[in-house]
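Both counts, for ligands and for their atoms, begin at 1 and track the order of listing.
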Amino acid sequence: MRMADSVRIGIIGSGGIAGAHVKAYKQMPDVEIVAVADVVAGKAADFIERTGLTGAQAFEDHRRLLELDLDGVSVCTPNVAHHRTSVDALEAGKHVLTEKPMAVTLEQALEMARAGKRAGRILTVGFQPRYDPNMKMVKQIVQSGRLGKIYYVETGGGRRRGMPGGTFIRKDLAGAGALADIGCYSLDMALHSLDYPKPLTVSAYASNYFGTSPTYHREADRFDVEDFGVALVRLEGGIALNFKISWAMHMDTLGATMFLGTDAGLKVTPAGSGPSSGVWDGGVGSVTLYHDLLGMHTETAIPVQRHNVQIFYAKVRDFVEAIKEGRPAPIPGEQIVRNQAVIDGILRSAAAEREVTIEIPEI
Ligand SMILES: NC(=O)c1ccc[n+]([C@@H]2O[C@H](COP(=O)([O-])OP(=O)(O)OC[C@H]3O[C@@H](n4cnc5c(N)ncnc54)[C@H](O)[C@@H]3O)[C@@H](O)[C@H]2O)c1
């Protein structure tokens, strides 16, 4: 029985991140979690019990879950299954919040976006940093015109010892390594701030010296993705994007994110590395600091863990409200196809050892 005004949700994939989705939904009195599906026998039922989802149904096949009267689903499977489960859900008339990265290949991302368009349903991609006030401020500064014409952006993420295992290190299941897992976030921050210009060409390099070494990874023999990548991406509008990502390296950081414009530059330091984010303009070395927006580097800082929970809640809540209000997708799949196209281009260029063109067919 449908409760009046409630939003009925199903969860597909009941591993680690599904727990964060459920935690967020459970704080919403207007949401009912009706069912959970997981391909591993018994896993959905265990998850329902562990997370106290009394009355929710358990399935092994997501298509059975999609036969229920649901408004939306959270897709929390490994990357490789985002495509099939999202397309099936959209075709069954459900709204979809899929975890990041959008898919494993560009072709899959395109099919997902097309399915959303055909069905007239929300397909939103779960980039929770979009809800971080710091990220909002970065976009606001970039879009304000204060930097003048932006011609160069440098961004990425540099973990020193941060290689996951399991499904994350297999190309057929994850699509890519560090690029797909954490690179998609950095790309989203840069591209979203610039209003997602079309990527045109890319020249990239990728390697996996750490993941394939038993000294650094206990699953070295099955590691077939990259643990480091660097790329120069040409974007429409005459912008060069210098992108760097690593899961493991002998260095503390790959440096700050920066936007260089003809009137000023914006620097964003890596999280936790110190108070020097700001806009540089005018006189030599003059800077206006923005680092303390959230108080993250001050005595009264919100602990990073709590901050992460808050932005995760905000992404899930925005999905629910978009469903209730009949709004378009908050982070549209159609837009994130460009993010997937850059990842696809980086992988092709790195494999071919030369610059490649990025072409994105009509959606
Ligand atoms: N937004 C974030 O902060 C964040 C953090 C971690 C992971 N993720 C993303 O979430 C996704 C899942 O990651 P995880 O760490 O929870 O993985 P996980 O391996 O812990 O869980 C995935 C679950 O999906 C199940 N599954 C696989 N194929 C399925 C299918 N076709 N139908 C139903 N269930 C299926 C698996 O059996 C497993 O239980 C990944 O895409 C990852 O990139 C996002």
Side-chain angles (χ1 to χ4, degrees), residues 10-24 35-48 50-51 57-66 73-89 92 94 96-105 108-109 112 124-132 135 157 159 162-189 219 225 245 247 271 304-305 307-319 330-331 333 336 339-340 343:
I11 308 281
I12 303 181
S14 61
I17 208 61
H21 283 250
V22 167
K23 197 170 166 196
V36 179
D38 198 294
V39 279
V40 174
K43 196 164 175 181
D46 285 350
F47 180 84
I48 286 170
R50 203 175 57 249
T51 54
Q57 295 185 61
F59 298 102
E60 281 172 36
D61 188 333
H62 70 276
R63 289 169 301 185
R64 295 274 319 282
L65 172 144
L66 294 173
V73 295
S74 273
V75 170
C76 302
T77 67
N79 305 350
V80 69
H82 291 182
H83 164 254
R84 187 69 271 145
T85 53
S86 296
V87 170
D88 287 348
K94 321 299 186 211
V96 173
L97 161 59
T98 185
E99 266 305 336
K100 46 53 64 176
M102 186 169 173
V104 163
T105 65
Q108 289 181 348
M112 290 161 72
T124 191
V125 183
F127 286 127
Q128 67 271 14
R130 289 264 190 122
Y131 299 90
D132 181 336
M135 295 301 111
R159 284 192 194 158
M163 292 185 285
T167 58
F168 288 81
I169 60 168
R170 287 263 310 278
K171 193 168 167 52
D172 57 339
L173 301 178
L179 264 170
D181 181 35
I182 51 176
C184 64
Y185 284 125
S186 314
L187 284 172
D188 189 62
M189 177 175 72
E219 297 173 81
V225 290
I245 200 80
W247 265 347
V304 170
Q305 182 59 26
H307 171 69
N308 288 344
V309 169
Q310 284 173 356
I311 61 174
F312 203 95
Y313 175 85
K315 105 172 165 185
V316 179
R317 186 64 202 165
D318 205 16
F319 173 56
I331 305 178
I336 306 309
N339 186 304
Q340 195 77 42
I343 293 173

- prompt: Judged by non-hydrogen atoms, does G166 sit under 4.0 Å from ligand 1?
  reply: no
Looking only at distances, please establish whether an N/O atom of ligand 1 is found under 3.5 Å from an N/O atom of [X].
X    : result
T167 : no
Y185 : yes
F168 : no
D38  : yes
G16  : yes
E60  : no
D181 : no

query: Quick one: does ligand 1 sit under 4.0 Å from the side chain of K315, the backbone, both or neither, non-hydrogen atoms only?
result: side chain
Nearest-option assignment for [atom], heavy atoms, candidates [options]:
atom                    : options             : value
atom 43 (O) of ligand 1 : H82, K100, E99, H83 : K100
atom 6 (C) of ligand 1  : N308, V125, I17     : I17
atom 41 (O) of ligand 1 : I12, N79, V40       : N79
atom 31 (N) of ligand 1 : S14, C76, A81, G15  : A81
atom 27 (C) of ligand 1 : P78, G13, A44, G126 : P78

Min side-chain heavy-atom separation K315-I331 under 4.5 Å: no
message: For a 4.5 angstrom cut-off between non-hydrogen side-chain atoms, does R159 reach D181?
response: yes
query: Any salt bridge between R130 and D188, counting N to O under 4.0 Å?
result: yes
task: In plain terms, say whether R50 and D46 are close enough for a salt bridge, that is, a side-chain N and a carboxylate O under 4.0 Å apart.
output: no
message: How far is atom 11 (C) of ligand 1 from the closest protein heavy atom, and which atom is that?
response: T77 O, 3.1 Å
- request: With side-chain hydrogen bond (donor to acceptor under 3.5 Å, both in side chains) as the test, would you mind laying out the steps for H21 and E99 before giving the verdict?
  value: CA-CA 10 Å; H21 283 250; E99 266 305 336; 2.7 Å; yes
message: So if I count the atoms of ligand 1 from 1 in the order they appear, which ones are less than 4.0 Å from some heavy atom of V39?
response: 26 (N), 27 (C), 28 (N), 29 (C), 30 (C), 31 (N), 32 (N), 33 (C), 34 (N), 35 (C), 37 (O)
query: Quick one: which ligand 1 atoms are inside 4.0 Å of a heavy atom on K43?
result: 38 (C), 39 (O)
field: Residue that, paired with L66, satisfies side chain to side chain contact (heavy atoms under 4.5 Å, CB included) out of D88, T85, D61
entry: D88
message: Please tell me if atom 1 (N) of ligand 1 is touched by the protein, where touching means a protein heavy-atom distance below 4.0 Å.
response: yes
